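Please read these numbers as outputs of a predicted model, since none were measured by experiment.
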Amino acid sequence: MKLRLLVVAILLQLLFAAAPARAQLVIYQDDFNAGASGWSSNTNESNPITGGFLGRFRPGSPSLSTSRTFGVPPSIETVVIEFDFLEIDSWDGDQGDEFAVNINGTQIFSLPFLHEGRAGTDGNDAARSGTTGNVNWSVNPTTDNTIVLGFTSRWNDQIHRVRLQIISPPPSLALTLIADIDQSDEAVGIDNISVIGYAAPVVTLAKTSSISAATNGFPIPGAEVSYVVTLTSNGEQLDDGSIIITDLLPAETSLFTGDLGGSGSPVIFRDTSSSGLTCCTSGQISYSTSTSPAGPFNYTPNGAFDPNVRQIRIAPSGAMRNSSAITSEVEFEMLTRIE
């Protein structure tokens, strides 16, 4: 009797139709509607347009700046900080009124802002952006200079969205927000802040196999071999349509292409973690008679053990989600026969 070595882990591939979403960690977020605890200066006011906010910071208030430090886990590759900067009342950017942001003592930007009529302008401050060290930053107006946040009706106000992208962040980020202004009718407010950490999702594939009892576990001609591919992700999400699993079958084996185990498919799909994926209908499975990774994957199998199938490709649907505490895991079971 001829025994054959069955290699079940050959050329198992996880491909991505698009770049996988990076794992996201919400480090901090606040809309300041319930106070502003944790900031070095935690003045908290409200206005009829945005509700509660951090501030106002202005001459005569307890402070012209506020800061807070955020811890960054070692797995985080990038941190994005976003917030609304409320430009309130009589800003004279042509005479030195500026809003500044520092991170860990380094000034990221200090920018002038103007109210309506200053230096012959309409007070609509333009979008600005730049890079300082490992920080990409942008300041984009989200309103024009026609709103009144309710403090001094003589002056219109404007809201800007600030975005700071920190590449390869250190273990802690000390964010300082500074109102470089000199009159009591000029003020800074901060609202709707989020600090999000991004890490590359850790995605793994594993394959296990078992030989049917009919041949006493020996890999001989006629033996049926069941194998299970396990896909695991600790990322918060892999986008819908981004996951493609391709398996090159071992030589001298045939893939069963009929109804496996009453599943209605050649592939039995098991979702052990409410991952959000669905599989495996005929439209999600394709076959190739070629051993080239490029296929083509356009072969129609015979519905039984088909020796012409050399590769199978599985494309589940749905976004593979996760949480900070739970790893998503799904299984794909298939059946082969040694010829």
Ring pair (Phe, Tyr, Trp, His ring centres under 6.0 Å) assessment of Phe85 paired with Trp137: CA-CA 14 Å; Phe85 156 51; Trp137 59 267; over 10 Å; no
Under 3.5 Å, side chain of [X] to main-chain N/O of [Y], donor-acceptor pair present?
X	Y	value
Ser40	Ser67	yes
Asp191	Phe32	no
Trp91	Ala187	yes
Gln95	Asp92	no
Ser233	Ser328	no
Ser263	Ser265	yes
Gln284	Thr278	yes
Glu45	Arg56	yes
Arg310	Pro250	yes

Intermediate values then yes/no, ring pair (Phe, Tyr, Trp, His ring centres under 6.0 Å), His160 and Phe113: CA-CA 11 Å; His160 310 265; Phe113 292 85; 4.9 Å; yes
Taking every non-hydrogen atom, the tightest pair across Ile312 and Phe297: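 That would be C-CE2, 4.3 Å.
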Pair Arg337 + Glu224: basic N to acidic O under 4.0 Å: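 Looking at Arg337 and Glu224, the cut-off is not met.
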Salt bridge Arg58-Asp89, side-chain N to carboxylate O under 4.0 Å: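 Asp89 and Arg58: not salt-bridged.
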Criterion side chain to side chain contact (heavy atoms under 4.5 Å, CB included) against Ser292, the qualifying member of Pro296, Ser290, Ser288: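 Of Pro296, Ser290, Ser288, side chain to side chain contact (heavy atoms under 4.5 Å, CB included) with Ser292 is met by Ser290 alone.
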Passing option when Leu164 is tested against Val79, Thr132, Val135 for side chain to side chain contact (heavy atoms under 4.5 Å, CB included):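 Considering Val79, Thr132, Val135, a side chain to side chain contact (heavy atoms under 4.5 Å, CB included) with Leu164 is found only for Val135.
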Same cluster or not: are [X] and [Y] linked, directly or through other Ile, Leu, Val, Met, Phe, Trp or Tyr residues, by side-chain heavy atoms under 4.5 angstrom apart?
X	Y	value
Val309	Val267	yes
Ile88	Leu111	no
Leu335	Ile268	yes
Trp39	Val195	yes
Val229	Leu255	yes

Verify whether one side chain among [X] and [Y] offers a donor that lies under 3.5 Å from an acceptor in the other.
X	Y	result
Thr253	Thr336	no
Asp306	Tyr299	yes
Gln165	Thr78	no
Thr246	Arg313	yes
Asn145	Asn124	no
Asn136	Thr131	yes
Glu329	Thr232	yes
Thr291	Gln311	no
Tyr287	Asn308	no

Test item: [X] and [Y] side chains (from C-beta on) under 4.5 Å apart, heavy atoms:
X	Y	value
Ile190	Phe99	yes
Ser65	Leu177	no
Pro141	Gln158	yes
Thr66	Thr176	no

Of all pairs that satisfy side chain to side chain donor-acceptor pair (under 3.5 Å), the ones with a partner from residues 105-114, not counting sequence neighbours: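 Non-adjacent pairs meeting side chain to side chain donor-acceptor pair (under 3.5 Å): Glu98-Ser110.
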Qualifying residues under side chain to side chain contact (heavy atoms under 4.5 Å, CB included), relative to Asn47, sequence neighbours excluded: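 Checked Asn47 against side chain to side chain contact (heavy atoms under 4.5 Å, CB included); matches are Ile49, Thr50, Phe53, Leu86, Leu149, Phe151.
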From CG (Asp84) to CG (Asn192), nearest 0.5 Å: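 If I round to the nearest 0.5 Å, the distance is 4.5 Å.
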